[in-house]
Each structure stands twice: as C-alpha cells, then as structure tokens.
Chemist: 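Can you read through this structure? Questions will come right after.
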Amino acid sequence: NSKVIQTPRYLVKGQGQKAKMRCIPEKGHPVVFWYQQNKNNEFKFLINFQNQEVLQQIDMTEKRFSAECPSNSPCSLEIQSSEAGDSALYLCASSLSWASAETLYFGSGTRLTVL
Amino acid sequence: GEQVEQRPPHLSVREGDSAIIICTYTDSATAYFSWYKQEAGAGLQLLMSVLSNVDRKEEQGLTVLLNKKDKRLSLNLTAAHPGDSAVYFCAVRTTGFASALTFGSGTKVIVLP
C-alpha cells in the first residue's frame, strides 16, 4: 500500500483565490510527480522534482502554478489564481529514482473544486 | 508523443468470471508498463508493473501480458469479485530522464454478484 500522504482531501475555492495542497512522499523517495486528473479521467503531468530541484514542468505550471519540495517539509502545489477549469483531482506520486523503470506510488489525491 | 488507447471503456462481468482490459501504445521506446486501480473517490492503487523485458506476469489473480511487437498491454482479472469493481488505468513510460507516465482513458469495471 502506498504511503504517499496528500492533504487536504477536499479543497473548495472561489475563482481568483489561491489553492494550496500538500504531499508527503513515501519515506526515502526523492522523486515527486504532480498530476492533474479531470472529470473525464484525463491525466495531465504538471511538474516533477528530485529532492528540491524541479526536473520538468509544463507551461501551465510555470505560469499559474507554483510548486516546491523543501527539505524536511511536505511538497506543495499552489494555484495562484484559481479558475473553474482547475477543478480536478490533483495526484502526487513518488518514486525511488527518476529512472523510467522505477515504479510510481500515488497518494489519494486532493479534489479541488473551484466555484 | 506517446499515444495510449484503452478499451473497453466499460465492462460488466459476473462474479467469478474473467475480465480483460487492453491498452495499445505507439512509442517503440516505451519501457515501463503499469496498471492502476482507482476506486470511487480515491487515488491510484498500483496493481502491477512490468518492464519491457517481461512478456507475462501473474500476481494475486491478475495477469499482465505484454506484446511488444503489437505494442499491446493487457490486464486479465481472473475470478473477479465485487471488490474488483473500480476504474482501471494502464500507464506507460518511455525510456528517458524522469519521463512522465502516459495514461489510458480508463475502464470502468462492474462485478455483478
């Protein structure tokens, strides 16, 4: 069973508000991924980290999203100004390394609703 | 980029019967293959993962088959039970530094008693 912990489980925000969610990766996992799953079950990769360093991120993440994985603190993903289209399940996953053969373990997600 | 197609989108089976879900992918550099289960309102639970050097893997009532020639990955749930009712996703990765998973569109499985 995955030990990736995501909080909060549910998040409700108005348009234009900030939305922040957190992720504690599995112990000993330095690599963290964030994905967005929309209501049509489409997954979008947002950003990934190795320890505190961003490895890859998509354009959307660069502009309205900010994310970090500080040492000795939970990773976080924050939407600076929420839009209705941001309503989705945000999934955090961690792995032992960045190698493509490495398994990703997912948390339970944060379900964001933007009113 | 990688394209993954998953079918069927919906699957109803009787308890004790088998269910098969198939994914096809396009990128010949795909090296990692996995199946996840998502129950209502929950996150993704890893069921099984295989690398490209594996053709078949069985674990706890699940069988994963990989046909690299046809670029096809399948999940067989043998002897399904009501607890198997969920949405199942295949997810693959190509070789490369920190490559992201590409997911299938999901199969909603309902196991009828």
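Fair warning: this is a prediction, and the values are worked out from it, not measured in the lab. Throughout, a chain's letter reflects where its sequence line sits, starting with A, and its residues are numbered from 1.
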Chemist: So, the side chain of Arg93(B) versus the backbone of Thr103(A): is there a donor-acceptor pair under 3.5 Å, distance only?
Modeler: no
Chemist: Please say yes or no: joined through hydrophobic side-chain contacts below 4.5 Å, possibly via intermediate residues, are Tyr88(B) and Leu65(B) part of one cluster?
Modeler: no
Chemist: Leu104(A) pairs by side-chain contact (heavy atoms from CB on, under 4.5 Å) with which of Leu46(B), Leu44(B), Leu101(B)?
Modeler: Leu101(B)
Chemist: State the OH-CD distance between Tyr105(A) and Gln45(B), to the nearest 0.5 angstrom.
Modeler: 12.0 Å
Chemist: Looking at chain A, which one of Ala42(B), Ser49(B), Ser34(B) has the largest number of heavy-atom pairs inside 4.5 Å, strictly under?
Modeler: Ala42(B)
Chemist: Relative to each other, are the rings of Phe103(B) and Phe43(A) parallel, tilted or perpendicular (30° and 60° limits)?
Modeler: parallel
Chemist: Starting from Trp98(A), can I reach Ile47(A) by hopping between I/L/V/M/F/W/Y residues whose side chains sit under 4.5 Å apart?
Modeler: yes
Chemist: Tyr32(B), Leu91(A): one ILVMFWY side-chain cluster at the under-4.5 Å cut-off?
Modeler: yes
Chemist: What part of Val87(B) lies closer than 4.5 angstrom to a heavy atom of chain A: side chain, backbone, both or neither?
Modeler: side chain
Chemist: Is there a chain of hydrophobic side chains (I, L, V, M, F, W, Y, each step under 4.5 Å between heavy atoms) that links Trp34(A) to Val54(A)?
Modeler: yes
Chemist: What part of Tyr36(B) gets within 4.5 angstrom of chain A, counting heavy atoms only: side chain, backbone, both, or neither?
Modeler: side chain
Chemist: Roughly how far apart are Ser99(B) OG and Leu55(A) CG, rounded to 0.5 Å?
Modeler: 11.0 Å
Chemist: Taking atom CD of Glu5(B) as the centre, report whether more than 12 heavy atoms of other residues, nucleotides or ligands fall under 6.0 Å from it.
Modeler: no
Chemist: In this structure, would Phe89(B) and Leu46(A) fall into the same cluster of hydrophobic residues linked by side-chain contacts under 4.5 Å?
Modeler: yes
Chemist: Counting only heavy atoms not in Lys44(A), do more than 12 sit closer than 6.0 Å to its NZ atom?
Modeler: no
Chemist: With only heavy atoms counted, which part of Thr102(B) is less than 4.5 Å from chain A, the side chain, the backbone, both or neither?
Modeler: neither
Chemist: Check whether Gln37(A) gets within reach of chain B through its side chain, its backbone, both or neither, counting any heavy atom under 4.5 Å.
Modeler: side chain
Chemist: Would a 4.5 Å heavy-atom cut-off, applied to side chains only, mark Asn41(A) and Lys108(B) as touching?
Modeler: no
Chemist: For Gln56(A), is it the side chain, the backbone, both, or neither that has a heavy atom closer than 4.5 Å to a heavy atom of chain B?
Modeler: side chain
